[in-house]
There are 2 protein chains.
Amino acid sequence: MDKRGGKGRQKIEMNLIESKEARTVAFSKRKNGLGKKAKEYSNLTGEDVGFILFTQDGKPHSYGSPSIEKVIDKFHELKQNDSLQNHTDMRKTNVFEAFEDLRKEVQAFKEKALDSEMPTDKHMLENR
Amino acid sequence: MDKRGGKGRQKIEMNLIESKEARTVAFSKRKNGLGKKAKEYSNLTGEDVGFILFTQDGKPHSYGSPSIEKVIDKFHELKQNDSLQNHTDMRKTNVFEAFEDLRKEVQAFKEKALDSEMPTDKHMLENR
DNA sequence: TTCTATTCATAAAT
DNA sequence: ATTTATGAATAGAA
């Protein structure tokens, strides 16, 4: 419970963040925020949603319910024939929640196995 | 000008909104909110972003910087290059790929530790 | 990544 | 479509 000083959220212009460091932090925060909002959209409305974004290093990231490819296909399909009768399919995946559950599970297994072996295994997974 | 009453934002469960009317309102607000966040992402980071979502009537809506089609094409292109040049799991950027890796890992652990107790299912909602 | 102080988003009621 | 009262997201600092 340390009381580290913080000036609280400040208002900023919606333009490119000049500072490379601040921009990196923004990439992380904003990407997570977008993912959460997208997940909330599908949870609350029961409809599909998906998004794609690129980060500093030019890497693609995506989120989709039920999957980004399914969303893209459905998009093109409906866009092409707008009068198409839509079928109800709805199968939410809640990727982030399930993902986090699995991550914790793996973590638990690894910690348990640490006292017997040193796996040296490292995962570069940034989502939470 | 008028001071119509409101109880302020209330906390809600992130599940399907039962009320058709409330859901309709949510579609509108959430869609706008997602659009704003996406736009802010590209403005602040200078990188591309795009999203697709479907509304009650099954109609597709999209947003893209510079365009949803460009974003989709770039996504597929980079995803292809990435998998061709990197076979390791060191640079996974797609949540689904990472998810699958974790799932397999968990499965492996479980098969290896057959006599472990069965963890109970914990399914609660929340954010983050 | 974590914490705090603020700004922003938005559930309810109109 | 608007206002209000709050819940949430997040800029800046560590």
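Throughout, a chain's letter reflects where its sequence line sits, starting with A, and its residues are numbered from 1. Keep in mind that the numbers below use all heavy atoms, side chains included, and drop hydrogens, waters and symmetry copies.
Listed pair B:R30 / C:dA9 fails the phosphate criterion, with no side-chain N or O lying under 4.0 Å from OP1 or OP2. Look at B:K29 and you won't find any side-chain N or O under 4.0 angstrom from OP1 or OP2 of C:dA12. At the phosphate of D:dA13, OP1 or OP2 sits under 4.0 Å from a side-chain N or O atom of A:K7.
Direction of the helix axis in the helix from C:dT1-D:dA14 to C:dT14-D:dA1 shifts by 40° between the two five-pair termini, rounded to 10°.
The side-chain heavy atoms of A:F75 and B:S62, taken from C-beta on, include a pair separated by under 4.5 Å. With a 4.5 Å cut-off on side-chain heavy atoms, B:L34 and B:F51 count as touching.
B:T55 places a side-chain N or O within 3.5 Å of a backbone atom of B:K59 that can act as its donor or acceptor partner.
Atom CZ of A:F27 and atom P of C:dT1 are 15 Å apart (whole Å). In this structure, CG of B:L34 is placed 12 Å from C1' of C:dA9, rounded to the nearest angstrom. For the pair B:N32 CG and C:dC8 P, the interatomic distance rounds to 17 Å; values are reported in whole Å. We find that OH of B:Y41 is positioned 13 Å from P of D:dA11, with the value rounded to whole Å. As a whole-Å value, the separation of A:E40 CD from C:dC8 P is 19 Å. Protein atom NZ of B:K31 is 16 Å distant from nucleotide atom C1' of C:dT10, rounded to whole Å.
Residues of residues 8-24 of chain A that place a heavy atom closer than 4.0 Å to DNA chain D, in numerical order, are A:G8, A:R9, A:Q10, A:I12.
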Just do the side-chain contact (heavy atoms from CB on, under 4.5 Å) check on B:F54 and A:S42 with the steps written out, would you? CA-CA 9 Å; B:F54 303 92; A:S42 62; over 6 Å; no
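Applying the side chain to side chain donor-acceptor pair (under 3.5 Å) test to residues at least two apart or on different chains, the pairs with a partner in residues 22-34 of chain B are A:E40-B:R30, B:T24-B:Q56.
Checked against ring pair (Phe, Tyr, Trp, His ring centres under 6.0 Å), A:F27 has the following partners two or more places apart in sequence or in another chain: B:Y41. Remark: B:E69 engages A:H76, A:K79 in a side-chain hydrogen bond (donor to acceptor under 3.5 Å, both in side chains) (not counting sequence neighbours).
Applying the under-4.5 Å side-chain rule to Ile, Leu, Val, Met, Phe, Trp and Tyr, the cluster around A:I17 extends to A:I12, A:M14, B:L44.
Of the listed nucleotides (C:dA12, D:dA9, D:dA11), D:dA9 has the atom at the smallest distance from the side chain of A:K36.
We find that A:D48 and A:K74 are joined by a salt bridge, their nearest charged nitrogen and carboxylate oxygen being less than 4.0 Å apart.
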